[in-house]
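Quick notes on the structure that follows.
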Amino acid sequence: QIHLVESGVGSVQPGGSLTLSCLAAGRIYSMYVMGWHRQALGKQRELVAHMTQYGETHYADSAKGRFTISRDNIKKTVYLQMNDLKPEDTAVYYCNVVAGDKEYWGQGIQVTVSS
């Protein structure tokens, strides 16, 4: 079966950096969209960034200029490089993949930004 394997959980100080990785394990093809969502305590889940199979990207306004999304289609992995992290970036981050007519979600990993 298909499952998403996330890595990169961590705790950093404001201004620090982290990189999240997500591997789409299993026989999965035609991954139209790969990206990351996040959900902070008391808030709704929101899209952080995603990239289509053609390299088109979208970023939340809060992520623009600080975060960079990339994907390796051979490794079936999507990355999120996060720079200049702020306390408001603290959240559970979820990997998301759209393939065919199905949508897959990772279990979520905690990112904490605090002094």
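Taken from CE in M51 to CE in M31, the straight-line distance is 12.5 Å, to the nearest 0.5 Å. Separating the CD atom in E56 from the NE2 atom in H50 is a distance of 8.5 Å, to the nearest 0.5 Å. Atom OG1 in T68 sits 8.0 Å away from atom CG in L80 (nearest 0.5 Å). In this structure, OH in Y79 is found 8.5 Å from OG in S7, a value given to the nearest 0.5 Å.
Summarising the geometry of A40 relative to T90, their closest heavy-atom pair is CB-O, 3.6 Å, with the distance given to 0.1 Å. The shortest heavy-atom contact between P14 and S115 is CD-N, 3.7 Å.
Applying the side-chain contact (heavy atoms from CB on, under 4.5 Å) rule to N73 yields the partners R71; only residues at least two apart in sequence or on another chain are considered. Remark: Q107 pairs with E6 by the side-chain contact (heavy atoms from CB on, under 4.5 Å) rule, at least two apart or across chains. Shown here are the ring pair (Phe, Tyr, Trp, His ring centres under 6.0 Å) partners of H3, two or more places apart in sequence or in another chain: there are none. E46 is linked by a salt bridge (Lys or Arg N to Asp or Glu O under 4.0 Å) to R38, counting only residues two or more places apart in sequence or in another chain.
By the rule that hydrophobic residues join a cluster once side-chain heavy atoms approach within less than 4.5 Å of another member, L20 and V12 end up as members of one cluster. When hydrophobic clusters are built by joining Ile, Leu, Val, Met, Phe, Trp and Tyr residues whose side-chain heavy atoms come closer than 4.5 Å, directly or via intermediates, I2 is grouped together with V78.
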Next item on the list: Let me see the working for K102 and V97 under side chain to side chain contact (heavy atoms under 4.5 Å, CB included), right down to the final yes or no.
Entry: CA-CA 8 Å; K102 297 183 178 180; V97 174; over 6 Å; no

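Within the 4.5 Å cutoff, the side chain of L85 has no heavy atoms near those of the Q13 side chain. Contact annotation: the side chain of M82 never approaches that of V48 to less than 4.5 Å [non-hydrogen atoms, C-beta and beyond]. N96 has its side chain within reach of E103: a pair of non-hydrogen atoms, C-beta onward, lies under 4.5 Å apart.
The residue from D89, D84, D61 that alone fulfils the salt bridge (charged side-chain N to carboxylate O under 4.0 Å, His left out) condition with R66 is D89.
Y59 places a side-chain N or O within donor-acceptor distance of the main-chain N or O of I69, the cut-off being under 3.5 Å.
Under the ring-ring contact (aromatic ring centres under 6.0 Å, His included) criterion, the residue pairs touching residues 84-115 are H37-W105, with sequence neighbours excluded.
Other members of the hydrophobic cluster containing V33, listed by chain and number, are Y32, V98; membership follows side-chain contacts under 4.5 Å among ILVMFWY residues, whether direct or relayed.
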